[in-house]
Amino acid sequence: MRRGEAVVGGDQAGERDGGPRGGGDPVAADDLPDGVVVADRAGRVTVFNRMAARLSGVPAGAALGRDFRDVLPLHDADGRDWWKSTDPYGGLRIRTRQPERSLFLADGREVLMAARYVRAEPLGDVDRLVVTLRDASHRARGERSRADLVSTVAHELRSPLTSVKGFTATLLAKWDRLTDKQKIFMLETVNADADRVTRLITELLSVSRIESGRLEIRRQLVDLPDLARRLVAGRVAAGEAQDRYRLEVHGPLPDMWLDADKIEQIMANLVENAVRHGAGTVTIVIEPYEGGAAVSVRDEGKGIAPEAVPRVFRRFWRTRRRGGTGLGLFIVKGLIEAHGGAITVGRAPSGGAEFRFTVPAGTPDFA
């Protein structure tokens, strides 16, 4: 059943009976996910479904038969009466609809409103005004989330870019007066900050693709133990202690057709998280699991408080240390789910945190 049919049919039934009703088929109107208000040619409310009553705070029984302007007073952001501004029944006769826009109820709550002007003939009088309402709180949350993202990105970019700008300006202005040791220190810092900016941009691209559903998985044969060994070797080569890491592989694994770059990003994020927020030895355990594989990353720190577990994979979740952007675990979850897998967090046998993800073996793209 199409939305227009349910509303219009109910309105016509009410008119045939000669009086205001909640629609000839009130159940159909109440089943709609949006608030629906229909006014007849005199501006009297003939349909006022359950969602409209919930959004407006006006019971359906109190709305039917009254003037729609009294039942549903709407104002724009400047406080102007929306119905006076648009004059649905006396405005331009070429109008057929009002695109969705943000308006405010009398109590200040924001709603998304759209309208249709139903005319018996082109350029004729309005026979019915059909108004739909949607709660704007979800959009408001999305806007706050985007604002948080912009704020976080600006904050994270400012520090490395300030450092890069300062050191490069110093090198250009005082090159001949600096010692080789000073030059190497400044260039190494600039290089590290450039890597930091690159990682941040990679995280932002991943977040964008995850949320838009545009994440592509390019499958190839991946050796998970070898990938973990290379990851640890890279961290050791960067100056970390070899005995900080332990790799355990239990049992033979099936051929794993995964996106190598994304699996490496997942494991790198989990290991970085264990190093930054945990303590002691970081253990990576790889084992077969239901035709695929399971990878656990454990540390020996204090672990994650039980009340924080439901928030761990949300955007911007960070510990009290507030290190990083708070996007890493959100990205990890999105990348794993894109492979058809799942991730959980719990208590490691050693007492720290354990992040465990499972992925199916998959099939090659050409299969």
Side-chain angles (χ1 to χ4, degrees), residues 145-212 214-218 222 226-242 244-245 259-278 282 284 297 299 315-319 321-336 338 355:
S145 180
R146 286 190 290 272
D148 288 343
L149 180 60
V150 171
S151 176
T152 299
V153 170
H155 176 76
E156 292 294 325
L157 284 175
R158 181 183 298 137
S159 178
L161 290 179
T162 300
S163 172
V164 168
K165 175 63 177 175
F167 279 131
T168 52
T170 300
L171 287 168
L172 288 171
K174 302 179 180 180
W175 181 266
D176 294 333
R177 286 176 283 171
L178 297 172
T179 65
D180 288 345
K181 186 175 181 180
Q182 289 173 322
K183 292 175 183 177
I184 290 173
F185 170 76
M186 292 184 182
L187 289 172
E188 286 177 342
T189 303
V190 168
N191 184 62
D193 285 335
D195 288 341
R196 181 177 169 187
V197 172
T198 300
R199 286 195 301 270
L200 177 59
I201 292 172
T202 300
E203 286 185 347
L204 294 175
L205 288 173
S206 296
V207 169
S208 174
R209 289 167 181 159
I210 289 169
E211 293 194 328
S212 65
R214 293 185 291 107
L215 193 65
E216 295 183 4
I217 301 298
R218 296 181 173 88
V222 174
D226 182 64
L227 190 154
R229 292 187 191 98
R230 286 189 282 111
L231 175 62
V232 170
R235 298 188 70 95
V236 171
E240 298 183 22
Q242 175 75 50
R244 181 75 194 273
Y245 301 96
D259 188 311
D261 291 337
K262 292 180 176 58
I263 294 297
E264 183 177 2
Q265 185 179 356
I266 291 166
M267 294 179 67
N269 270 336
L270 293 178
V271 170
E272 175 67 23
N273 184 75
V275 171
R276 179 180 297 180
H277 303 293
V282 175
I284 304 171
V297 179
D299 64 68
R315 285 199 307 178
F316 308 123
W317 182 84
R318 289 176 284 189
T319 63
R321 298 179 186 177
R322 300 188 64 80
T325 61
L327 297 174
L329 293 177
F330 172 83
I331 292 170
V332 163
K333 184 173 184 290
L335 296 179
I336 292 170
F355 287 86

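This one's a predicted model, so the numbers in the text were calculated from it and none came from an experiment. Counting begins at 1 with the first residue of the sequence.
Not counting sequence neighbours, the partners of E240 by the salt bridge (Lys or Arg N to Asp or Glu O under 4.0 Å) test are R235. The salt bridge (Lys or Arg N to Asp or Glu O under 4.0 Å) check on D226 picks up R230, with sequence neighbours excluded.
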All N/O donor-acceptor pairs, side-chain side in residues 164-176, below 3.5 Å, sequence neighbours left out:
from	atom 1	to	atom 2	distance (Å)
T168	OG1	V164	O	2.7
T168	OG1	K165	O	3.1
T170	OG1	G166	O	2.8

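The minimum heavy-atom distance between A260 and L227, with the atom names listed, is O-CD1, 4.0 Å. Closest heavy-atom contact between A241 and V236: O-CG2, 4.3 Å. The minimum heavy-atom distance linking D259 with E216 is given by the pair OD2-O, 3.7 Å. Of all heavy-atom pairs spanning V297 and A274, the tightest one is CG1-CB, 4.1 Å.
The closest side-chain heavy-atom distance from I263 to I266 is below 4.5 Å. V275 has its side chain within reach of R244: a pair of non-hydrogen atoms, C-beta onward, lies under 4.5 Å apart. The shortest distance between side-chain heavy atoms of V332 and F355 does not fall below 4.5 Å.
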inquiry  = With side chain to side chain contact (heavy atoms under 4.5 Å, CB included) as the criterion, how do V232 and I284 come out once you've worked through the C-alpha distance, each side chain's angles and the decisive distance to 0.1 Å?
reply    = CA-CA 10 Å; V232 170; I284 304 171; 4.1 Å; yes

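Annotation: K333, atom NZ; neighbour count of heavy atoms from other residues, nucleotides and ligands within 6.0 Å does not exceed 12.
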